[in-house]
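Note that this is a predicted model, so its numbers are computed, not measured.
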Number of protein chains: 2
Amino acid sequence: MNQDLLFFCTMCQEKSPKEIDKIRCTIDHTVKNYKRGDLIASQGDRISSLYMLTKGKVKTEIISKSGLTVSVEEITAPYPLAAAFIFADNNRFPVEVTAMEDCEVVLISKSSIEKQMAKCPGFLRGFMAFIANRVQFLLERLKIFSQKGIKAKMAYYILQHDKNGSFELGRSIASLAEYFGVERPSLSRAISEMTHDGIIEFEAGKGKILRYNDLKELLG
Amino acid sequence: MNQDLLFFCTMCQEKSPKEIDKIRCTIDHTVKNYKRGDLIASQGDRISSLYMLTKGKVKTEIISKSGLTVSVEEITAPYPLAAAFIFADNNRFPVEVTAMEDCEVVLISKSSIEKQMAKCPGFLRGFMAFIANRVQFLLERLKIFSQKGIKAKMAYYILQHDKNGSFELGRSIASLAEYFGVERPSLSRAISEMTHDGIIEFEAGKGKILRYNDLKELLG
DNA sequence: CAAAAACCGTAACATTCGTTACGGGTATGA
DNA sequence: TCATACCCGTAACGAATGTTACGGTTTTTG
């Protein structure tokens with residue numbers, strides 16, 4: 001169990017194990033175990049503790065007031081289930097959390113976290129860094145999504161990866177399409193057209209920007 | 001200026017002025033003034049301080065390495081410019097910040113914020129609440145965006161606002177369309193079709209869900 | 001009250017995108 | 001070496017969405 005708390009620090013800190021030893025996070029906590037199919041948290045529950053999923057896999061669902069469920073996503077350990085939400089004004093679980101496998105959850109009360117933050121600057125920084133990184137990630141995805149049209153998303157992505165007129169995707173077209181939330185053939189077609197129009201060159205994951213102005217005009 | 005710091009606490013706390021007086025946030029800070037057109041922060045700058053915009057309006061832009069700018073958004077005072085980013089692993093401004101009017105910015109160093117957090121639980125909660133609310137907001141928008149198709153977005157939105165079979169939009173169709181990132185006539189058409197198909201009733205901002213199963217099947 | 005602004009539904013047409021299917025290439029492992 | 005799994009480009013077609021335009025109602029403003 002101590003091992004899991006160490007991991008929790010690791011996740012927050014993203015620092016070396018040695019530094020974690022120095023910090024010696026000794027946080028009050030309780031451990032709960034769930035069987036496959038168990039309900040871990042209900043939508044609407046007030047969150048008074050951080051739910052650190054240390055073992056297993058869960059799924060989250062939205063449940064309308066009429067009882068129908070809508071699957072949202074799966075989360076695999078280790079991951080905190082409500083790191084940000086415990087401090088939000090509306091501190092309720094936005095989703096239903098159900099165990100897909102046997103799970104272990106470490107509960108850390110909000111007050112314990114606050115105490116630990118006041119006591120241990122490293123923990124404070126680590127926790128803040130985790131949430132801040134999440135904000136950054138969400139913002140980045142949102143910027144991509146808010147670009148209307150596949151070419152606009154692609155143009156935005158290229159401009160972000162622009163290095164002196166060249167760019168690398170850093171991933172396959174298939175995964176990029178999934179990242180954009182579009183179909184692979186559609187993205188492939190968009191890139192073909194941009195290439196055919198002479199705006200960019202592209203081959204094997206790498207490319208060059210030929211006409212910056214046209215590329216920029218593809219954006220919203 | 002003290003007034004602005006009080007406001008800063010207000011923003012973080014969202015509590016009554018009386019409670020703020022009790023807390024007496026006396027945070028180390030410096031004040032900077034900018035003229036219209038001045039550059040407040042450059043893309044890529046390391047962020048060591050919180051930038052609290054207390055007066056004026058700024059615009060943020062993405063700048064590609066080739067010098068072209070892409071407008072992103074406008075921010076009006078009072079608002080913190082980089083509340084989350086100072087704690088992120090990649091603590092750099094993701095955008096270029098330029099003053100659109102004469103602006104006043106209160107700078108609070110990261111270490112000052114950490115000290116204040118350790119000293120004053122109310123400040124810690126307020127700051128965390130602000131960032132947590134932002135995470136919630138971004139997550140919600142992202143969930144809407146990741147629904148493919150206008151009807152799916154609408155179905156998701158309705159299920160979220162479902163109260164015993166009835167729902168209220170809480171905003172105009174025009175603004176909802178903007179929130180979804182689609183055109184108003186397109187959203188209007190989608191609602192018309194859902195009504196025509198007998199899935200929902202809708203009139204004057206309010207509606208009823210007639211067939212939950214069909215509504216659910218519109219989701220991804 | 002009159003003008004302006006905001007909001008809404010509708011329709012016709014153009015554009016984009018999803019869907020499906022096919023063929024080819026490359027890497028991996030049995 | 002063959003089978004398998006990916007990854008990619010392309011094409012044709014249909015569906016979904018954007019675009020533009022119009023008329024109407026309601027709300028705000030002077």
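- One axis for each end of the helix from C:dC1-D:dG30 to C:dA30-D:dT1, each built from five base pairs, and the angle between them comes to 50° at 10° resolution.
- Atom-to-atom, CG of B:Leu187 to C1' of C:dT10 comes out at 14 Å; the value is rounded to the nearest Å.
- In the displayed structure, B:Arg36 atom CZ is contacted under 6.0 Å by at most 12 heavy atoms of other residues, nucleotides or ligands.
- Phosphate proximity of D:dG9 to A:Ser192: absent, as no side-chain N or O sits under 4.0 Å from OP1 or OP2.
- Residue contacts for A:Ile191: at a heavy-atom cut-off of 4.0 Å it reaches no nucleic acid atom on any strand shown.
- Partners of B:Glu193 under the side chain to side chain donor-acceptor pair (under 3.5 Å) rule, at least two apart in sequence or in another chain, are B:Lys151.
- Taking only side-chain nitrogens and oxygens, B:Ser188 comes nearer than 4.0 Å to OP1 or OP2 of C:dG9.
- Rounded to whole Å, atom C1' of D:dA11 lies 12 Å from atom CD of A:Glu193.
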Polar atoms only, N or O, under 3.5 Å: list the protein pairs with nucleotides 19-29 of chain C and their distances.
| residue | atom | partner | partner atom | Å |
| --- | --- | --- | --- | --- |
| C:dT19 | OP2 | A:Glu183 | OE2 | 3.3 |

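- Residue B:Phe202 contributes atom CZ, which lies 14 Å from atom P of C:dC7 at whole-angstrom precision.
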Mind listing the side-chain donor-acceptor pairs of residues 174-185 of chain B below 3.5 Å, one per line with the distance, residues two or more places apart or on another chain?
| residue | atom | partner | partner atom | Å |
| --- | --- | --- | --- | --- |
| B:Ser175 | OG | B:Ser172 | O | 3.2 |
| B:Glu183 | OE2 | A:Lys148 | NZ | 3.1 |

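- Rounded to an integer number of Å, the gap from CG of A:Asp197 to P of C:dT15 is 14 Å.
- With rounding to whole Å, A:Gln147 atom CD is found 19 Å from D:dT17 atom P.
- Put simply, NZ on A:Lys151 is 8 Å from P on C:dC17, counting in whole angstrom units.
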query = Yes or no on ring-ring contact (aromatic ring centres under 6.0 Å, His included) for A:Phe93 and A:Tyr51, after CA distance, side-chain angles and deciding distance?
reply = CA-CA 11 Å; A:Phe93 263 100; A:Tyr51 284 61; 5.2 Å; yes
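- Listed by chain and number, the residues in a side chain to side chain contact (heavy atoms under 4.5 Å, CB included) with A:Glu168 are A:Lys206 (sequence neighbours excluded).
- A salt bridge is absent between B:Lys208 and B:Glu201: the closest approach of a Lys/Arg side-chain nitrogen to an acidic carboxylate oxygen does not fall below 4.0 angstrom.
- Across B:Tyr157 and B:Leu169, no two heavy atoms sit closer than the pair OH-O, 2.8 Å.
- In this structure, B:Ile150 places its CD1 atom 16 Å from P of C:dT16, rounding to the nearest Å.
- For B:Gln136 (side chain) and A:Asn90 (main-chain N/O), a donor-acceptor pair under 3.5 Å exists by modelled atom type.
- Taking atom CE on B:Met154 and atom C1' on D:dA16, their separation rounds to 17 Å, with Å as the unit.
- At least one donor-acceptor pair closer than 3.5 Å links the side chain of B:Lys153 to the backbone N or O of B:Gln147.
- A heavy atom lying under 4.0 Å from DNA chain D marks the following residues of residues 170-182 of chain B, by number: B:Val182.
- Counting all heavy atoms, side chain and backbone alike, B:Ala84 lies closest to A:Ala132 at O-CB, 3.0 Å.
- Classification of the A:Phe202-A:Phe167 ring pair by plane angle, with boundaries at 30° and 60°, yields parallel.
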